[in-house]
Undergrad: 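If you scroll down you'll find the structure; I have some questions about it.
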Amino acid sequence: MTAGSGDHPEGSVRTVLTGTDDAVDATVAREALLLACAGALGDSDRLVRHWLTATGRGVDRLAATAVTARAWAMLLAARDGHADNRRGRPDWADGLVPLDPDAEQAEHEKVLAERDSLPPRGRRQREAAAAAEHAAASGDLDAAREALHRWAEVAREIPQPDAATLAACRHVAPLLVDGELAVDTDWAWNYTAALVAALDRRYRAEGLDAGWRELIAEIMRLRGEPDAVPPPASVAAVDHAENRLGRTLPEEFRRFLGVCDGLRADVVFPRLLGVSELRHGVETGASGPGVVISDPPVLTLWPSGEVTEDDELFGRSVHPGIRSVLEEHLRLLEASA
């Protein structure tokens, strides 16, 4: 079984990188449950543990809906005391609220019966999950396995298979834990690695961005405009600018734009251009053309990340990056405060 989006979860990676925290948590819950349903329990656990480390949030956020909470409860019940230690209950699950299996089973029967409002493939998947649960509950494991594989066939056709509803089936969960829908281990590893890398990029970036936000906020405070910090540029806007300019912007400058899309002028400090205003300068260096990042055009960004500043009186000075330019501006503001 593979997800309908192919071997690489592009949509989920995009959400992890650019979505809200709630959307990230829901995506990680969905993908971890899908991996668990596909028999890749180790990869599912790896994704959850990495999410916990990267975000510092509570594991209860992965059980934000009744169905996802039930899905984890049924899978964990099936993993409790498993003969294979690799399939036993993971330590990260201790933070989840225990649920009454009997009550949850009764509630889930109602969910399995709710199909009319679903699109055709969603209805087929729900019907297959219900058939698998009813067959497993009656002891007809062959019929249950057949229904599970029908569910997996539909899962290949859609971007976001409903793994939570399947995993929440009390009598199906043990079959899933035992690897009835097991996938290729390399596929599962690579699928998980893409999501882990996205988590690293998202939350490592947020830690770095905090320093940028503090720097910009202090500059605006000393300017007497604490509420005038411009909004950040979107990832799409920065990507568009790079395509327009035909070059990749230095990581430090992208970080600045992700916190503050340009900056208004102040006394002798020029206005820093927003991402849509960036343009090539007339001057070209050994490593390519410079990009004008200010108005008037006294600041030029180079492919190396360096920023040159041209002054009619003092000539040209070279800064190691845009942060150095802003830190110097901050020092002048502090000296004049």
Undergrad: Keeping H108 on the side-chain end and E104 on the backbone end, is there a donor-acceptor pair under 3.5 Å?
TA: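 Side chain of H108 to backbone of E104, a donor-acceptor pair under 3.5 Å: no, none is there.
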
Undergrad: Looking at D116 and R126, does any basic side-chain N land under 4.0 Å from a carboxylate oxygen?
TA: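 Judged by the 4.0 Å cut-off on N to carboxylate O distance, D116 and R126 do not form a salt bridge.
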
Undergrad: At their closest point, which heavy atom of G274 faces which heavy atom of D261, and how far apart are they?
TA: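 Minimum heavy-atom separation between G274 and D261: CA-OD1, 3.2 Å.
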
Undergrad: Mind listing the closest non-hydrogen atom pair of V298 and S294 along with its distance?
TA: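 Distance-wise, the nearest heavy atoms are N-OG, 3.2 Å.
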
Undergrad: Which heavy atom of A167 sits nearest a heavy atom of A173, and at what distance?
TA: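 Heavy atoms only, the tightest pair is O-CB, 3.9 Å.
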
Undergrad: To the nearest 0.5 Å, what is the distance between CG on L301 and CD on E252?
TA: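 If I round to the nearest 0.5 Å, the distance is 9.0 Å.
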
Undergrad: With no hydrogens and no angle check, do the side chains of Y203 and D21 hold a donor and an acceptor under 3.5 Å apart?
TA: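 Result is yes, a qualifying pair exists.
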
Undergrad: Between the side chains of E251 and R255, is the shortest nitrogen-to-carboxylate-oxygen separation below 4.0 Å, so that they form an ion pair?
TA: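 Salt bridge present between R255 and E251.
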
Undergrad: So how far is it from R79 CZ to L176 CG, rounded to the nearest 0.5 Å?
TA: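 The distance works out to 12.0 Å.
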
Undergrad: Distance from E107 atom CD to R70 atom CZ, nearest 0.5 Å?
TA: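 E107 CD to R70 CZ: 6.0 Å, rounded to 0.5 Å.
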
Undergrad: Would you say E309's side chain and S317's backbone share a donor-acceptor pair under 3.5 angstrom?
TA: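 No: the side chain of E309 does not pair with the backbone of S317.
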
Undergrad: Show which residues join L313 in its hydrophobic cluster (side-chain heavy-atom contacts under 4.5 Å, direct or indirect), or state none.
TA: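 Members besides L313, by chain and number: F314.
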
Undergrad: Is the backbone N or O of D162 less than 3.5 Å from a side-chain atom of Q125, with the two atoms forming a donor-acceptor pair by type?
TA: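 Checked: pair present.
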
Undergrad: Verify, without hydrogens or angle tests, whether R244 (side chain) and L278 (backbone) share a donor-acceptor contact under 3.5 angstrom.
TA: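 It does hold such a pair.
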
Undergrad: Could you tell me whether R14 and E10 have a side-chain N and a carboxylate O separated by less than 4.0 Å?
TA: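 No, no charged N to carboxylate O under 4.0 Å.
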
Undergrad: Taking atom CZ of R271 and atom CG of D266, what is their separation to the nearest 0.5 Å?
TA: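 Going from CZ on R271 over to CG on D266, the span is 14.0 Å.
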
Undergrad: Are D239 and S234 packed together at the side-chain level, in the sense that at least one heavy-atom pair is separated by less than 4.5 angstrom?
TA: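 No, side chains not in contact.
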
Undergrad: To check you understand the geometry: which heavy-atom pair defines the closest contact between V259 and R213, and what is its length?
TA: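 Closest pair (atom of V259, atom of R213, distance): CG1-CG, 3.5 Å.
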
Undergrad: Nearest heavy-atom pair of A136 and V172: which atoms, and what distance?
TA: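 Smallest interatomic distance, heavy atoms only, reads CB-N, 4.5 Å.
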
Undergrad: According to ring-ring contact (aromatic ring centres under 6.0 Å, His included), does anything in residues 57-82 pair up with another residue at least two apart or in another chain? List the pairs.
TA: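 Applying ring-ring contact (aromatic ring centres under 6.0 Å, His included) to every pair that reaches into residues 57-82, excluding sequence neighbours, yields W72-W92.
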
Undergrad: Checking S138 side chain against H134 main chain: does a donor-acceptor pair fall under 3.5 Å?
TA: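 Yes.
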
Undergrad: Do T55 and R61 meet the criterion of a side-chain donor-acceptor pair at a distance under 3.5 Å?
TA: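 Side-chain D/A pair, T55 to R61: absent.
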
Undergrad: State whether the side chain of R46 and the backbone N or O of W189 hold a donor-acceptor pair below 3.5 Å, judged by distance alone.
TA: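 Checking the backbone N and O of W189 against the side chain of R46, a donor-acceptor pair under 3.5 Å is found.
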
Undergrad: Can you list everything that forms a ring pair (Phe, Tyr, Trp, His ring centres under 6.0 Å) with H329? Sequence neighbours excluded, please.
TA: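 H329 satisfies ring pair (Phe, Tyr, Trp, His ring centres under 6.0 Å) with F269 only.
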
Undergrad: Determine the minimum heavy-atom distance between G258 and P232, stating which atoms define it.
TA: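 Of all heavy-atom pairs spanning G258 and P232, the closest is O-CB, 2.9 Å.
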
Undergrad: Nearest 0.5 Å, what's the CD1-CD distance between I219 and E334?
TA: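 The distance works out to 9.0 Å.
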
Undergrad: Is there a donor-acceptor contact under 3.5 Å from the side chain of R202 to the main chain of V16?
TA: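 Yes; at least one donor-acceptor contact below 3.5 Å.
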
